[in-house]
Amino acid sequence: NAGVTQTPKFQVLKTGQSMTLQCAQDMNHEYMSWYRQDPGMGLRLIHYSVGAGITDQGEVPNGYNVSRSTTEDFPLRLLSAAPSQTSVYFCATSRGGNYGYTFGSGTRLTVV
Amino acid sequence: DQQVKQNSPSLSVQEGRISILNCDYTNSMFDYFLWYKKYPAEGPTFLISISSIKDKNEDGRFTVFLNKSAKHLSLHIVPSQPGDSAVYFCAASSRDQGAQKLVFGQGTRLTINP
């Protein structure tokens, strides 16, 4: 039982490149989210999904795309990487209600 | 505007004593509050939560207090142990905005000294 798996763990991109951060869960949770963590800013919500086929924007969605074709997977796409997207990215899942989120171990992304 | 604020970036406490971490919020629609603990190179892990209908929730060494009139919550850890050294985030959500849209504070780094 892996929980929430994020790949890759580390990535360095050049400005303008695109990439996809992968998130997979085996807990059959309906809710999934992407957060970014920056020093002094806490965690900020990028996009979230309340079920397969349903996604919505969070607090800082610009420059990111998501899709949710299955319950298990929720990839985050950077279309054209910018240095401002240098951050640690966390995927999280929840079964809803007031159960809170289970977080993955994160992807550390550097854009140069 | 920061809806959830943790005004102390760091806190140092002696082992065995009480650790008190504070969190303030501005959005009166928040009705559920959570604390997460984060070690380096790991994702945050859920610690304890409280609903706005309560003013206290206990789980072992951890107690969360909620003062709705002051829009303030605190996490008490008694007694503090070296393994408690981590970054602690408070988070809040509201039923209206979607219970899964958590808003996090900036975090407080807690160091427990032997």
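Sequence lines set the chain letters: A, B, ... in the order given, protein chains first and strands last, and positions in each chain run from 1.
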Contact class of A:L43 relative to chain B, heavy atoms under 4.5 angstrom: both

Contacting moiety of A:Q37, where chain B heavy atoms sit under 4.5 Å: side chain

Within 6.0 angstrom of [X] [atom1], more than 12 heavy atoms from elsewhere:
X: B:K5; atom1: NZ; result: no
X: B:R109; atom1: CZ; result: no
X: A:R95; atom1: CZ; result: no
X: A:R44; atom1: CZ; result: yes

Can you name the closest pair of heavy atoms from [X] and [Y] and give their distance?
X: A:Y101; Y: B:L102; result: CD1-CD1, 3.6 Å
X: B:K101; Y: A:Q57; result: NZ-O, 4.4 Å
X: A:M41; Y: B:Q2; result: O-NE2, 4.3 Å
X: A:F90; Y: B:K38; result: CZ-CE, 3.4 Å

Using the rule that two of Ile, Leu, Val, Met, Phe, Trp, Tyr join whenever any of their side-chain heavy atoms come within less than 4.5 Å, decide whether [X] and [Y] are in one cluster.
X: A:V66; Y: A:V60; answer: yes
X: A:L76; Y: A:M32; answer: yes
X: B:I112; Y: B:I48; answer: yes

Residue [X] versus chain A: region with a heavy atom under 4.5 Å:
X: B:Q6; result: neither
X: B:P44; result: both
X: B:A91; result: neither

Separation between CZ of A:F103 and OH of B:Y36, rounded to the nearest 0.5 Å: 5.0 Å

